[in-house]
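Right, one structure below, let's go through it.
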Amino acid sequence: MKITAMNIYGFGQLENVIIENLNEFQVFFGENEAGKSTIMTFIHSILFGFPTKQQSELRYEPKHGTKYGGNIRIYFEGQGFAVIERVKGKAAGDVKVVMDNGIIGGEELLKELLESFDKNLFQAIFSFNIHGLQNIHQMKGEELGKYLFSAGTLGTEQLAKAEAALQKELDTRFKPGGKKPELNEKLQELHEVNQELKKAASKNKEYETLAAKKESLLQEMANLNEQLTTLQVNTAKLSEWKRIESSVKQEKWIENELADLEEVQFPVRGMERLEKLNQLILPYKAELNSLAERIEKVKLEIAGLEPNKELLENEPAILMLLDQMPIFDQFKLELGQYEQRLADCEAELSIIKAKLHLPLQDQDFQAINTNMYMKKQVETTAKQSRKLMEAKEELDERYEEEKNALEMIEKEVLLTEGLCLPDQDRLLLEKQVHGNDKRGLEEELKGIKEKIHFQQRSLDQEQAAKSRLKLQFITIELILLGLILYGLLTKQWVLMILGLGGSLAFAVYMLQSLKQAKEKQLVQQLGELREKEKQVSEKLQSAEYLDLSKAAEELKLDNQRREQLQLLKLKLKQQQSQFEKVISKFEEWEIASSQHKEMLLTISRELKIPDNLAAAFLEEAFKQIEKFKEILWERDKLIAKVDKANQQQSQIAEGILEYGKRFLPEKDLDLHKTAFLLRTKLKEELEKSIKNQERKNKLAGMEADWQGKSHELEQLEAEYALLLQSANTDTEQQFYEFGKKAEKRSELLAALDNIRSQLNYSSLSEEERESFLTIHNWDELITAGLDESKRLHARLKELQEEQAKVKYELQVLEEGGVYSDILHHYKQKKFELEETAKEWAVYSLAQNILTATIEKYKNEHLPRMLERAEEFLSFLTNGRYHRIHLHPLGTGFLVEREDRTLFEANELSQATTEQLYVSIRLALATTLYGKYRFPIIIDDSFVNFDIGRTERVIALLKTLEQNQILFFTCHQHLLQFFPKENVLFLEKGAVQIIS
């Protein structure tokens with residue numbers, strides 16, 4: 001994955017910033033607030049969404065209404081280029097992904113391209129800054145090792161934070177030897193309550209005896225209550241039977257009467273229904289007779305109102321023609337206007353033909369091309385004509401001006417040349433002025449004296465050096481002589497030989513050094529300078545100087561004239577150049593004029609106008625031709641309108657007159673009279689049609705009414721016959737006799753229903769009522785039941801009093817803090833302890849899972865990452881530290897130095913710790929997450945390194961060819977490590993790319 005370009009619409013202070021052609025190793029340099037952090041956050045936001053308003057991160061929304069967001073062009077290996085655009089919308093922004101292969105998508109496609117990486121994981125693995133190093137500086141002891149281990153696992157300190165948080169939660173709940181943790185306190189409280197429970201157990205035997213007696217009393221009271229309930233139920237049933245006895249006996253009598261009465265089949269309310277039917281049938285018959293008479297009358301009216309059907313069938317066509325009469329009159333008025341306009345068009349065409357004076361017909365004009373392209377050509381050519389004329393006038397003026405200026409400068413040059421001295425006279429003056437120059441001789445004498453002083457000083461130094469060399473020679477020779485004598489006396493021949501050899505060698509060297517060549521040369525040069533000094537002094541003392549002031553003035557004046565002449569010649573050259581430019585402009589004008597004439601000739605042929613007309617009045621001629629074509633088009637359009645109006649007038653008149661002949665009795669009428677009579681005739685026939693239809697509708701209603709009432713009469717008569725048939729009778733008299741029997745049976749059934757409805761509210765069942773019919777001494781039974789109930793109530797009262805005594809004794813024991821209270825308190829404390837222990841177990845299990853996960857990571861994945869990190873650390877420290885070991889007692893690291901000494905992270909120097917952190921982070925990105933190949937984004941993470949460490953860490957980054965590196969810095973001294981083409985400068989204030 002490589003970011004190749006960024007287009008920032010609006011993000012923080014950046015507006016309309018385009019960054020293109022990003023390199024594999026791209027450096028962004030800028031001062032503080034130049035936009036480095038903004039660009040980093042922009043990359044994160046486009047890829048993973050804008051921070052929501054609930055998050056603590058800055059959203060970088062523009063302050064001045066600029067469009068919020070931008071796009072990034074990225075190359076994905078195996079999938080090609082994609083442009084990811086995110087702008088303001090929903091919480092994280094609206095994203096659009098456009099692939100070069102034509103695929104377009106949103107968040108789902110982006111997640112697929114980023115392989116489901118989220119923002120936190122990306123920042124933890126591939127984006128790190130100086131804050132990670134600052135965290136290292138703030139940690140001490142074991143915390144530093146845990147932080148580095150967490151960075152090597154997840155890229156951040158989250159693992160160390162999670163482990164510390166779990167341990168803190170466990171310590172707040174339980175410590176093996178602690179007192180303040182919650183679980184320790186609850187264990188102590190449970191132990192104290194358990195001691196109290198044991199003391200109360202001794203008093204528990206008396207309590208148990210009273211509790212057993214209480215249970216016995218409760219059982220006896222329950223038995224008495226059950227007996228009372230049974231006795232009360234029986235007594236209540238006897239009382240209820242006393243209330244309903246008469247109703248039960250009357251029910252039995254009615255049932256016997258119904259059994260003796262013969263059952264008759266008779267319809268419900270039969271006599272009432274028969275009388276009602278008789279009352280309805282007679283009026284229906286009278287009404288049907290009346291309707292028949294009215295129907296005949298309406299049929300006669302319909303026959304007298306029959307309309308002209310042929311006229312009504314043609315009603316739409318006639319009305320359409322009649323409604324067009326105003327249009328007919330309007331056409332007549334418009335025809336006059338059209339004819340007047342046609343005359344005006346012909347007049348205008350004649351005027352234009354006279355102006356153009358071209359031998360062309362109307363169809364020739366129409367064939368001329370006057371489209372927009374031709375119009376633009378004409379306007380451009382006419383404009384070019386005016387420009388050429390103006391340019392010609394301007395060139396003529398400039399030609400005269402430059403020519404006059406050139407002639408004037410040539411005259412000035414000739415005049416100035418005449419005033420200058422001839423060369424022979426000038427040489428003589430120069431010889432007089434410069435050949436006897438006293439000041440020059442004085443300067444020469446001063447220079448010679450300075451040289452004499454310098455040579456004398458050099459000679460003195462050479463003599464002093466020679467004296468010092470002689471002294472050194474004598475001293476060394478004496479030392480060597482002593483060495484020779486010592487060797488001779490002690491018979492150490494080696495020392496003696498060394499002394500002799502050294503003495504001879506040093507003597508030869510000194511003889512060569514003390515030669516007089518250099519001293520002699522200095523003495524010779526000093527003599528020559530003194531001789532020359534003598535000659536110049538004699539010349540100054542013996543020479544006769546001329547009065548040269550006048551010659552000097554002449555020479556000075558001639559110099560001024562010669563300088564003026566040079567300036568005039570320069571001006572002449574410049575003026576000649578200007579004059580030649582004007583001549584070249586004339587040539588250019590001639591070429592442009594020739595090309596313009598060819599263009600005019602082409603256009604004049606296309607417009608079919610003479611060349612002289614095109615040259616003088618091209619634009620005006622084009623406008624007249626264009627106007628002529630417009631008038632021709634308008635004339636043709638008017639002719640078409642006149643023809644159409646005449647045609648429509650003829651259609652209207654012919655149609656109205658034709659219908660007048662067919663439907664009007666009057667003949668030979670004019671158009672307007674015929675139209676008026678047709679409209680009147682049509683109105684009369686429409687009124688007849690409406691009245692005829694109304695009578696027909698009325699007749700249809702009456703006939704429908706007659707049919708409905710006939711049907712209803714038939715139904716009533718059928719119902720009458722069916723009613724007699726339902727009672728199995730043939731006559732109305734027989735129907736009434738059966739009705740009286742049915743009425744009596746109905747009354748008995750109603751009385752029986754009434755009694756049974758009353759008995760339904762009784763609590764006694766039908767079986768119980770049957771059994772009570774045989775009992776005659778129910779009053780005695782009720783009295784005996786009441787007496788037994790009083791006896792049971794008295795015994796129940798005695799038991800309740802005894803129960804109250806036992807309950808009081810138990811209460812006295814319980815109020816003294818006896819066993820039950822302590823036992824309840826003990827169980828409550830035990831429950832609280834169990835709940836707290838469950839919470840502790842959850843955190844302990846989480847710690848165990850985290851520890852197991854770390855162990856699995858240490859055994860499976862960490863060795864590969866550490867191997868790469870060791871390579872990086874060895875390179876960064878120049879081989880001083882070359883191994884990284886896992887801490888045997890924790891989650892930290894041990895670093896091995898080249899002399900096999902092991903150091904914990906907190907024992908390393910600050911710079912070495914930073915190098916270790918960088919090695920682990922880069923190893924994590926290139927091993928465990930190496931397959932993703934996301935860009936590595938670094939923000940000023942090496943500011944604390946010296947020049948050597950900085951050079952090595954940048955060299956290490958350049959070796960990471962699988963990942964694009966985006967390096968942000970505000971330190972100018974780092975730029976020396978990168979090629980200029982890899983550096984983009986962010987200008988402060990304007991925030992724009994300036995390289």
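Values in this document were obtained by computation on a predicted structure and should not be read as measured data.
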(message) Please report the interatomic distance CZ(Phe28) to CD1(Ile938), rounded to the nearest 0.5 Å.
(response) 12.5 Å
(request) Would you please name every residue forming a salt bridge (Lys or Arg N to Asp or Glu O under 4.0 Å) with Arg933, sequence neighbours left out? (result) Glu77
(request) Using a cut-off of 6.0 Å, state whether more than 12 heavy atoms not belonging to Met599 lie near its atom CE. (result) no
(message) If the condition is salt bridge (Lys or Arg N to Asp or Glu O under 4.0 Å), which residues does Glu115 pass it with, not counting sequence neighbours?
(response) none
(message) Going by the rule salt bridge (Lys or Arg N to Asp or Glu O under 4.0 Å), which residues pair with Glu587 if we only count those two or more places apart in sequence or in a different chain?
(response) none
(request) Only counting residues at least two apart or in another chain, list the ones meeting side chain to side chain donor-acceptor pair (under 3.5 Å) with Asp946. (result) Arg949
(request) Mind listing the closest non-hydrogen atom pair of Met99 and Leu109 along with its distance? (result) CG-CD2, 4.3 Å
(request) Could you please spell out the steps behind the salt bridge (charged side-chain N to carboxylate O under 4.0 Å, His left out) verdict for Asp100 and Arg73? (result) CA-CA 10 Å; Asp100 278 6; Arg73 181 171 173 83; 3.1 Å; yes
(request) Enter the distance from Thr41:OG1 to Arg59:CZ here, rounded to the nearest 0.5 Å. (result) 13.0 Å
(request) Answer yes or no: does atom NZ of Lys573 have more than 12 heavy-atom neighbours from other residues, nucleotides or ligands under 6.0 Å? (result) no
(request) Please report the closest heavy-atom contact between Gln964 and Asn23, naming both atoms and the distance. (result) NE2-O, 3.0 Å
(request) Would you name the heavy atoms of Leu113 and Ala82 that are closest together and state the gap between them? (result) CD1-CB, 4.3 Å
(request) Begin from the C-alpha positions of Met40 and Asp939 and carry the test side chain to side chain contact (heavy atoms under 4.5 Å, CB included) through to its verdict. (result) CA-CA 8 Å; Met40 282 185 63; Asp939 181 16; 3.3 Å; yes
(request) Could you check if a side-chain atom of Leu873 sits within less than 4.5 angstrom of a side-chain atom of Leu916, using non-hydrogen atoms only? (result) yes
(request) Might you work through the side chain to side chain contact (heavy atoms under 4.5 Å, CB included) test for Phe945 and Val953, ending with a clear yes or no? (result) CA-CA 9 Å; Phe945 288 1; Val953 75; 4.1 Å; yes
(request) Determine yes or no for a side-chain-to-main-chain donor-acceptor pair under 3.5 angstrom, with Thr912 supplying the side chain and Leu908 the backbone. (result) no
(message) As an exercise, state the distance from CD of Gln910 to OG1 of Thr913, rounded to the nearest 0.5 Å.
(response) 7.5 Å
(request) Applying ring-ring contact (aromatic ring centres under 6.0 Å, His included), name anything that partners Phe42, two or more places apart in sequence or on another chain. (result) Phe11
(request) Measure across Leu47 and Leu114 and return the closest heavy-atom pair with its distance rounded to 0.1 Å. (result) O-CD1, 3.5 Å
(message) Measuring only between side-chain heavy atoms, which start at C-beta, is Ile43 closer than 4.5 Å to Leu966?
(response) yes
(request) Determine whether the side chains of Glu898 and His882 contain a donor N or O and an acceptor N or O closer than 3.5 Å. (result) no
(request) Supply the atom-to-atom distance Arg883 CZ to Tyr881 OH, rounded to the nearest 0.5 angstrom. (result) 15.5 Å
(request) Would you indicate whether Glu394, at its atom CD, is surrounded by more than 12 heavy atoms from other residues, nucleotides or ligands within a distance under 6.0 Å? (result) no
N/O donor to acceptor pairs below 3.5 angstrom from side-chain atoms of residues 85-97, sequence neighbours left out:
{"residue": "Glu85", "atom": "OE2", "partner": "Tyr9", "partner atom": "OH", "Å": "2.6"}
{"residue": "Arg86", "atom": "NE", "partner": "Ser45", "partner atom": "O", "Å": "3.1"}
{"residue": "Arg86", "atom": "NE", "partner": "Ile46", "partner atom": "O", "Å": "3.1"}
{"residue": "Arg86", "atom": "NH1", "partner": "Ala92", "partner atom": "O", "Å": "3.2"}
{"residue": "Arg86", "atom": "NH1", "partner": "Glu107", "partner atom": "OE2", "Å": "2.9"}
{"residue": "Arg86", "atom": "NH2", "partner": "Ile46", "partner atom": "O", "Å": "3.3"}
{"residue": "Lys88", "atom": "NZ", "partner": "Glu61", "partner atom": "OE1", "Å": "3.3"}
{"residue": "Asp94", "atom": "OD1", "partner": "Lys90", "partner atom": "N", "Å": "3.4"}

Please tabulate, for side-chain N and O atoms in residues 968-977, each donor-acceptor pair with protein atoms closer than 3.5 Å (sequence neighbours left out).
{"residue": "Thr969", "atom": "OG1", "partner": "Asp940", "partner atom": "OD1", "Å": "2.7"}
{"residue": "Thr969", "atom": "OG1", "partner": "His971", "partner atom": "N", "Å": "3.1"}
{"residue": "Gln976", "atom": "NE2", "partner": "His973", "partner atom": "O", "Å": "2.9"}

(request) Using modelled atom types only, decide if a donor and an acceptor are shared between the side chain of Gln13 and the backbone of Glu33 within a distance under 3.5 Å. (result) yes
(request) Measure the shortest side-chain to side-chain distance between Asn963 and Thr926 over non-hydrogen atoms and say whether it is less than 4.5 angstrom. (result) yes
(request) Say whether, by atom type as modelled, one donor and one acceptor occur between the side chain of Ser874 and the main chain of Glu871 under 3.5 angstrom. (result) no
(message) Would the distance check show the side chain of Asn71 and the main-chain N or O of Met6 forming a donor-acceptor pair, the cut-off being under 3.5 Å?
(response) no
(message) Phe50: which residues meet the ring-ring contact (aromatic ring centres under 6.0 Å, His included) condition with it, sequence neighbours left out?
(response) Tyr68
(request) State which residues pass ring-ring contact (aromatic ring centres under 6.0 Å, His included) with Tyr75; sequence neighbours excluded, sorted by chain then number. (result) Phe81
(request) Keeping the roles fixed (side chain from Gln26, backbone from Asn982), state whether a donor-acceptor pair exists under 3.5 Å. (result) yes
(message) Please determine whether side chain to side chain contact (heavy atoms under 4.5 Å, CB included) holds for the pair Leu960 and Leu922, giving the CA-CA distance in whole Å, both sets of side-chain angles, and the decisive distance to 0.1 Å.
(response) CA-CA 9 Å; Leu960 305 180; Leu922 293 178; 4.0 Å; yes
(request) Could you please spell out the steps behind the side chain to side chain contact (heavy atoms under 4.5 Å, CB included) verdict for Leu984 and Ile19? (result) CA-CA 9 Å; Leu984 286 174; Ile19 305 174; 3.5 Å; yes
(request) Heavy atoms only: give me the nearest Pro935-Phe126 pair and the separation to one decimal. (result) O-CB, 3.4 Å
(request) Determine the minimum heavy-atom distance between Gly35 and Leu986, stating which atoms define it. (result) C-CD1, 4.2 Å
(request) Without swapping roles, check the side chain of Gln79 against the backbone of Phe76 for a donor-acceptor pair under 3.5 Å. (result) no
(request) Apply side chain to side chain donor-acceptor pair (under 3.5 Å) to Ser584 and list each qualifying residue two or more places apart in sequence or on a separate chain. (result) none
(request) Give, for atom CG of Leu570 and atom CD of Gln575, the distance between the pair rounded to the nearest 0.5 Å. (result) 12.0 Å
(message) I'd like to check the salt bridge (Lys or Arg N to Asp or Glu O under 4.0 Å) partners of Glu24; sequence neighbours left out, ordered by chain and number.
(response) Lys2
(message) What's the separation between atom NZ in Lys111 and atom CD in Glu108, rounded to the nearest 0.5 Å?
(response) 5.5 Å
(request) Kindly indicate whether the side chain of Leu876, heavy atoms from C-beta on, has any atom under 4.5 Å from the side chain of Leu956. (result) yes
(request) Mind checking ring-ring contact (aromatic ring centres under 6.0 Å, His included) for Phe25 and listing every partner two or more places apart, or none if nothing turns up? (result) Phe978
(message) I want to check something: taking the side chain as every heavy atom from C-beta on, are His44 and Ile937 in contact at a cut-off of under 4.5 Å?
(response) yes
(request) Would you check if the side chain of Arg868 reaches a backbone N or O of Ala923 as a donor-acceptor pair within less than 3.5 Å? (result) no
(message) Looking only at the aromatic ring of each residue, does the gap between the centers of Phe934 and Phe117 stay below 6.0 angstrom?
(response) yes
(message) Within the 4.5 Å heavy-atom criterion, are Leu110 and Ile84 side-chain neighbours or not?
(response) yes
